[in-house]
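Heads up: numbering here begins at 1 and tracks the sequence. When reading the values below, keep in mind they use all heavy atoms of this one structure, side chains included, and skip hydrogens, waters and symmetry mates.
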Amino acid sequence: MRVTGLLLLVAHLLTVAWLTLRPRTVPWVPAANLEPLATIRAELAHGWSWDVVQHLGCSVLLLAPLGVLLPLSAGRLNVSPLVSLTRTAFAGAMIALAIELLQSGVPGRVPDIDSVLLGTLGVAVVHLAVVPGARRRLRRRYGHLRYGHLGDATPTIPRVGLAPKADVLSGSRTYL
């Protein structure tokens, strides 16, 4: 499952890079937006239209699959939901920020802090909608494999004897 998650993650990131980092030939470009929520307010000031929904929705949906792909590539079943959400949202925010920073050097592309916010929101919403339930089902289905054949709540570790002090601390032995 981990390998599949990594392959899907790489494929998605390559697709996102191709969509967001290609140069565009445009007659003019607006200034970079470094004020949080300015682009969202400007879009909503025009009223609700298909163009507004499409622009904001694309920003949310572009990185949304990372909400599932990042935990899938980690392959952990027994993780706190809050820790998992925090880790995934932070990674999504860093990926969105890296994309925006790289866009500053691409002709025809303009960095926008609101794209980082909307991308992070998409990652967090998809993570909350899918990952906790999927982990719960997987733990229920494959929990017996993790703790042995008897389904014990805690795994047992056999006792291991300590080595004599002479073998451990002796500097006279060479193992070459």
Side-chain angles (χ1 to χ4, degrees), residues 1-140:
M1 187 169 16
R2 197 177 283 177
V3 172
T4 303
L6 282 171
L7 289 174
L8 289 172
L9 179 64
V10 168
H12 179 69
L13 289 176
L14 287 173
T15 303
V16 167
W18 183 76
L19 289 171
T20 58
L21 299 176
R22 286 182 304 161
R24 292 189 313 181
T25 304
V26 291
W28 62 276
V29 291
N33 174 30
L34 300 178
E35 180 185 339
L37 305 176
T39 303
I40 297 171
R41 276 194 304 265
E43 289 282 341
L44 294 177
H46 295 297
W48 287 97
S49 68
W50 177 246
D51 291 335
V52 172
V53 171
Q54 187 178 7
H55 181 260
L56 295 178
C58 285
S59 294
V60 171
L61 294 176
L62 183 67
L63 295 178
L66 294 178
V68 174
L69 293 175
L70 287 169
L72 181 65
S73 64
R76 297 181 185 147
L77 285 180
N78 295 319
V79 178
S80 163
L82 182 62
V83 169
S84 178
L85 174 65
T86 304
R87 184 183 299 139
T88 304
F90 180 75
M94 292 298 106
I95 290 170
L97 183 63
I99 289 169
E100 294 302 317
L101 289 174
L102 289 172
Q103 277 185 345
S104 65
V106 177
R109 299 285 182 169
V110 179
D112 186 359
I113 192 67
D114 290 339
S115 294
V116 175
L117 297 175
L118 291 170
T120 305
L121 175 70
V123 169
V125 167
V126 168
H127 184 276
L128 283 173
V130 176
V131 173
R135 278 192 176 139
R136 194 174 315 114
R137 281 190 301 272
L138 288 171
R139 277 193 303 264
R140 203 171 333 152

Checklist line | L44 vs I40 side-chain heavy atoms within contact, under 4.5 Å | finding: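 Counting from C-beta outward, L44 and I40 do come under 4.5 Å.
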Notebook entry, point to check: With side chains defined as the heavy atoms from C-beta onward, is the minimum distance between V79 and R87 less than 4.5 Å?
Noted result: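 Result yes, sub-4.5 Å side-chain heavy-atom pair found.
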Drop me the distance from [X]'s [atom1] to [Y]'s [atom2], to the nearest 0.5 angstrom.
| X | Y | atom1 | atom2 | answer |
| --- | --- | --- | --- | --- |
| L97 | S115 | CG | OG | 11.5 Å |
| M94 | I99 | CE | CD1 | 12.0 Å |
| L56 | L61 | CG | CG | 11.0 Å |
| L9 | L69 | CG | CG | 5.5 Å |
| L70 | I95 | CG | CD1 | 5.0 Å |

Any idea which heavy atoms bring [X] and [Y] closest together, and the distance?
| X | Y | value |
| --- | --- | --- |
| V110 | E100 | O-OE1, 4.0 Å |
| V26 | V29 | CG2-CG1, 3.5 Å |
| P65 | H12 | CG-CE1, 3.6 Å |

Which side-chain N or O atoms in residues 119-129 pair as donor and acceptor under 3.5 Å with protein atoms at least two apart or in another chain?
{"residue": "T120", "atom": "OG1", "partner": "V116", "partner atom": "O", "Å": "2.8"}
{"residue": "H127", "atom": "NE2", "partner": "S84", "partner atom": "OG", "Å": "2.9"}

Flag, side chain of [X] to backbone of [Y], donor-acceptor distance under 3.5 Å:
| X | Y | value |
| --- | --- | --- |
| R135 | R76 | yes |
| T88 | L85 | no |
| S59 | H55 | yes |
| D114 | P36 | no |

Note to self: Working note: R109 + L21, criterion side chain to side chain contact (heavy atoms under 4.5 Å, CB included); need CA distance, chi angles, decisive distance, verdict.
What the structure shows: CA-CA 8 Å; R109 299 285 182 169; L21 299 176; over 6 Å; no
Next item on the list: Please report the C-alpha distance between L37 and I113 in whole Å, then the side-chain angles of each, then the deciding distance to 0.1 Å, and finally whether the side chain to side chain contact (heavy atoms under 4.5 Å, CB included) criterion is met.
Entry: CA-CA 8 Å; L37 305 176; I113 192 67; over 6 Å; no
Next item on the list: Could you go through the side chain to side chain contact (heavy atoms under 4.5 Å, CB included) check for T4 and L8 one step at a time?
Entry: CA-CA 6 Å; T4 303; L8 289 172; 4.0 Å; yes
Next item on the list: With V10 as reference, evaluate L6, L14, L7, L13 under the side-chain contact (heavy atoms from CB on, under 4.5 Å) test and give the passing residue.
Entry: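 For V10, the side-chain contact (heavy atoms from CB on, under 4.5 Å) test succeeds with only one of L6, L14, L7, L13, which is L14.
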